[in-house]
Amino acid sequence: MASKLALIDCNNFYASCERAFNPKLEGTPIVVLSNNDGCVIARSNEAKALGVLMGEPYFKMRELAKANGIAIYSSNYALYGDMSNRVMRIIGHYSPEQEVYSIDESFIDLSGMSIDLVEYMGKLKKQVRLWTGIPVCVGIGRTKVLAKLANRVAKKYKKFNGVFDIDELSKSRCNSLLKIVDVGDIWGIGAKSKDKLKRLGVNNALAFRGAEKSLIKSTLGVVGLRIQQELLGESCIPLELQRPAKKQIVSSRSFGKPLVSFDEVNQALTCLARKAVNKLAVDSLGCLSMNVFIETSPFSKKQAYVNFSKSIQFANPLHSDRAILPVVSQLLRKIYQDQYQFYKGGIVLTRLTSKGVSRDLFEVVDGLALTAGKASHKSLLGHVISANELGTNRWLSNAEYRSPRYTTQWQELLPVE
DNA sequence: TCTGGGGTCCTAGGACCC
DNA sequence: TCTGGGGTCCTAGGACCC
């Protein structure tokens, strides 16, 4: 049976979330900023039309924002995550097989459905909009790469009303379409690969699809070969129906201010480690190794960019804050140097295992004695935190423009007018 | 003044083994 | 003096995704 997939992609997701809770923003250009209010990570169509670029540092577009009445938001992941769950649940009703690909994208399997798929996906699009306020577009094709491409078309050309099936095109029309798609706009072809291909004269999707296999293999390896096969309509990137087990957990942040004391950096990393430990707990995992890193700003003109990191292997999987947090401080002690202003840092937990029997009492930590931990304190929420998590808080991100967490914090519910 | 965070997969090269 | 080759496992780094 020929496979048939749809990719449902939310339009300007973060910006649309802000708008869903503030209808006055209809027609207003919206920009959402990254964690530290650093750069642009989402733009409404109006903001795109004003020339706001993806990834642009906020300070470079502040004047433009002021002059054009652009609404600015700090990112509000609690809100976006919750909205995503609602959207994904609705999409899940349209097929028995769904892959939630990212916070704002989902593939579903439509193989063997003898109905008008464009009409069917039109219904989905309307329902998501009605129930959540989030606009989506749908691309349909035989493979993931083709569905992605179809989705671009659905987004770009108004006449399709947000739903496009690439298989509805005749062969020659399909070729004309592929010819106007830049090779760098194919899913999986990033900036580096794009440059390599263009140097070889492979400029668009049609040329890529028709290129010699050996050329693709030697230029991009097996990854490129797979993309080419998918463009030809042969599915080789399967739907992932269940989330694959995590292989690593990263918790890192740019600090709100450059940090210049061990204690401040230690506070930051201990708090970040706490977040990582919480993620371990959600999936009932332990880790057999950990990496701690700190770095200076790559943009600073006052000091050279440096990046210090240290890894440690554990004899048994660790999963508790009591076991992990002290090790973070000990590793940091080994890499911290007084003369630098640190601007970012984090921890990476790897070699994850399912937790199994708790062995925390007998944990052996590669030559590092586990200290019993300093006195504990209760946080405002009532759970016990370590002394290292208290401090100046200068590491915390700036989030000057965050909208209320309408859906996840009682105190921030939308008022009834 | 001010430049995100969290992931995955692939490959090359080193260490080690027989 | 002559100094293999194939397999596996691990890690670091590159590239990509949203």
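Residue numbers start from 1 in every chain, and the chains themselves are labelled A, B, ... in the order their sequence lines are given, proteins ahead of strands.
Considering A:E230, A:E240, A:E99 as possible partners of A:K144, the one that fulfils the salt bridge (charged side-chain N to carboxylate O under 4.0 Å, His left out) test is A:E99.
Residue-level contact check: A:Y14 touches neither bases nor backbone, having no heavy atom under 4.0 Å from any strand. At the heavy-atom level, A:K144 lies nowhere under 4.0 Å from the strands shown. Among the heavy atoms of the strands lying under 4.0 Å from A:R226 are primed sugar atoms or P, OP1, OP2 only; no base atom is included. When heavy atoms are screened at a 4.0 angstrom cut-off, A:S75 is found touching no nucleic acid atom at all.
With ring centers used as reference points, A:F308 lies 6.0 Å or more from A:Y336. Taking the six-membered ring for Trp, A:W187 and A:F208 have ring centres at least 6.0 Å apart.
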Reading nucleotides 10-18 of chain C 5' to 3', which nucleotides get B (base under 4.0 Å from a protein heavy atom), which S (sugar-phosphate only), which -? -----SSSS
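Between A:Y120 and A:Y94, the ring planes are tilted. Angles from 30° to 60° get that label.
In summary, the side chains of A:K125 and A:N161 do not present any donor paired with an acceptor at a separation below 3.5 Å, with no hydrogens or angles considered. Checked by atom type, the side-chain pair A:N45/A:N12 shows a donor-acceptor distance below 3.5 Å.
A straight line from CD1 of A:I249 to C1' of B:dG7 spans 11 Å, rounded to a whole angstrom.
Residues from residues 43-74 of chain A with heavy atoms under 4.0 angstrom of DNA chain B, sorted by number: A:P57, A:F59, A:R62.
A cation-pi geometry, defined here as NZ or CZ lying under 6.0 Å from the six-membered ring centre and within 45° of its normal, holds between A:R333 and A:F262.
Taking the P atom of each, C:dC18 and B:dT3 are spaced 25 Å apart, rounded to whole Å.
Judged as a side-chain contact (heavy atoms from CB on, under 4.5 Å), and not counting sequence neighbours, the contacts of A:D82 are A:R86, A:T407, A:T408.
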